[in-house]
Trainee: 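Let me give you the structure first, and then I'll get to my questions.
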2 protein chains.
Amino acid sequence: MSFDLDELDEVSQTLKLLGDKTRLTMMKLLEKQECCVCELVEIFKTSQPAVSQHLRKLKDAGLVKENRKGQWIFYSANPDSMQHELIQNLIAFVPSQDHELEELDKKGLRISCD
Amino acid sequence: MSFDLDELDEVSQTLKLLGDKTRLTMMKLLEKQECCVCELVEIFKTSQPAVSQHLRKLKDAGLVKENRKGQWIFYSANPDSMQHELIQNLIAFVPSQDHELEELDKKGLRISCD
DNA sequence: TGATTATATAAGCTTATGCTTATATAATGA
DNA sequence: TCATTATATAAGCATAAGCTTATATAATCA
């Protein structure tokens with residue numbers, strides 16, 4: 001029946017999205033706190049378009065939400081996503097990324113709008 | 001450090017493998033009980049090589065194990081996999097596939113070697 | 001042993017994915 | 001208003017993934 005099919009589709013789509021190392025790490029980070037694109041570019045040491053494209057996929061799936069603050073757009077995990085519980089469950093198996101944020105702080109690259 | 005990298009690789013690889021609807025459903029089934037290839041062909045209504053290739057990927061990752069019984073090879077979830085706990089967690093979000101096995105029974109296509 | 005059934009592997013094709021470069025849009029500040 | 005900074009989008013390319021068909025291997029049985 002279509003209900004089950006949809007649920008299966010949703011779960012497999014979520015796993016497919018998080019089956020990418022960059023996006024999986026992103027979700028681990030964004031589950032803990034919001035980050036702007038330029039912070040993620042620094043953390044993942046990749047290009048800005050690459051980061052934007054990953055975020056776009058996560059956002060299209062409803063897994064993250066955005067929050068503009070002036071010239072920056074901050075992304076964070078979307079707690080209203082139907083997949084949120086699944087995501088919280090599985091990122092518990094992902095190594096902590098706290099060191100990445102500490103690195104940013106050390107380099108003075110942390111964006112703060114408070 | 002390399003320990004964390006490896007763990008991240010393992011989790012993302014597992015999610016990537018289960019980010020396919022067929023393999024995700026297979027794991028849900030094989031977590032509950034072993035099935036042979038021809039049963040899975042019937043359940044997924046796809047070709048035998050397609051099923052074999054999915055099983056090969058799951059086996060290469062250590063997620064399932066095989067058990068030959070005469071001309072049949074039965075596959076089941078590998079409880080010794082380092083990813084087993086993660087898998088059990090996430091397949092809890094996958095709709096039950098019990099009806100598929102009941103269908104097989106009804107059609108008399110269930111293989112039994114007991 | 002030869003035929004049959006179950007499974008695996010290989011090759012080829014099509015589509016999906018992730019990256020890059022180039023360019024567009026949006027907000028800020030001199 | 002113009003230059004700068006942040007982000008998004010588009011196009012193009014290389015690689016990966018899943019399916020199909022054809023063929024190989026393995027076990028069973030007459």
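Computed from a predicted model, the values in this text were never measured in an experiment. Here is the naming used below: chain letters follow the sequence lines, and residue numbers restart at 1 for every chain.
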Trainee: Counting only non-hydrogen atoms, which of residues 45-56 of chain A are less than 4.0 Å from DNA chain D?
Mentor: A:Gln48, A:Pro49, A:Ser52, A:Gln53, A:Arg56

Trainee: Using a 6.0 Å cut-off, check whether atom CD of A:Glu85 has over 12 heavy atoms from anything other than its own residue.
Mentor: no

Trainee: Which residue pairs pass the salt bridge (Lys or Arg N to Asp or Glu O under 4.0 Å) test with at least one member in residues 89-102 of chain B, sequence neighbours excluded?
Mentor: B:Lys32-B:Asp98

Trainee: Heavy atoms, side chains only, cut-off 4.5 Å: are B:Tyr75 and B:Leu58 in contact?
Mentor: no

Trainee: Less than 4.5 Å apart, any side-chain heavy atom of B:Ser81 and any of B:Lys65?
Mentor: no

Trainee: Check every strand shown and say whether A:Lys59 touches a base, only sugar-phosphate, or nothing at a heavy-atom separation below 4.0 Å.
Mentor: nothing

Trainee: If the helix axis at each end comes from five base pairs, how far does the helix from C:dT1-D:dA30 to C:dA30-D:dT1 deviate from straight, to 10°?
Mentor: 10°

Trainee: Would you indicate whether the side-chain heavy atoms of A:Leu63 and A:Leu30 approach each other to under 4.5 Å?
Mentor: no

Trainee: Are side-chain heavy atoms of B:Leu101 and B:Gln33 found at a separation under 4.5 Å?
Mentor: yes

Trainee: For residues B:Met27 and B:Val64, determine if any side-chain heavy atom of one lies less than 4.5 Å from a side-chain heavy atom of the other.
Mentor: yes

Trainee: Any heavy-atom pair between the side chains of A:Gln83 and A:Val11 that's under 4.5 Å?
Mentor: yes

Trainee: Would you kindly compare A:Lys57 and B:Cys36 by the position of their nearest DNA chain C nucleotide and give the one closer to the 5′ end?
Mentor: B:Cys36

Trainee: Under 4.0 Å from a heavy atom of chain A: give me the 5'-most and 3'-most nucleotides of DNA chain C that qualify.
Mentor: C:dT17 to C:dT28

Trainee: Among residues 24-35 of chain B, which ones have heavy-atom contacts with DNA chain C below 4.0 Å?
Mentor: none

Trainee: Name the residue closer to the 5' end of DNA chain C, choosing between B:Tyr75 and A:Leu17 according to the nucleotide with the nearest heavy atom.
Mentor: B:Tyr75

Trainee: List the atom pairs, with distances to 0.1 Å, where a side-chain N or O of residues 35-47 of chain B and a protein N or O form a donor-acceptor pair under 3.5 Å, not counting sequence neighbours.
Mentor:
{"residue": "B:Glu39", "atom": "OE1", "partner": "B:Cys36", "partner atom": "N", "Å": "2.9"}
{"residue": "B:Glu39", "atom": "OE2", "partner": "B:Ile111", "partner atom": "N", "Å": "2.9"}
{"residue": "B:Glu42", "atom": "OE2", "partner": "B:Lys107", "partner atom": "NZ", "Å": "3.1"}
{"residue": "B:Lys45", "atom": "NZ", "partner": "B:Glu42", "partner atom": "O", "Å": "3.2"}
{"residue": "B:Ser47", "atom": "OG", "partner": "B:Ala50", "partner atom": "N", "Å": "3.2"}

Trainee: Any side-chain heavy atom of B:His84 sitting closer than 4.5 Å to one from B:Asn78?
Mentor: no

Trainee: Is there a side-chain contact between A:Lys28 and A:Glu31, using heavy atoms and a 4.5 Å cut-off?
Mentor: no

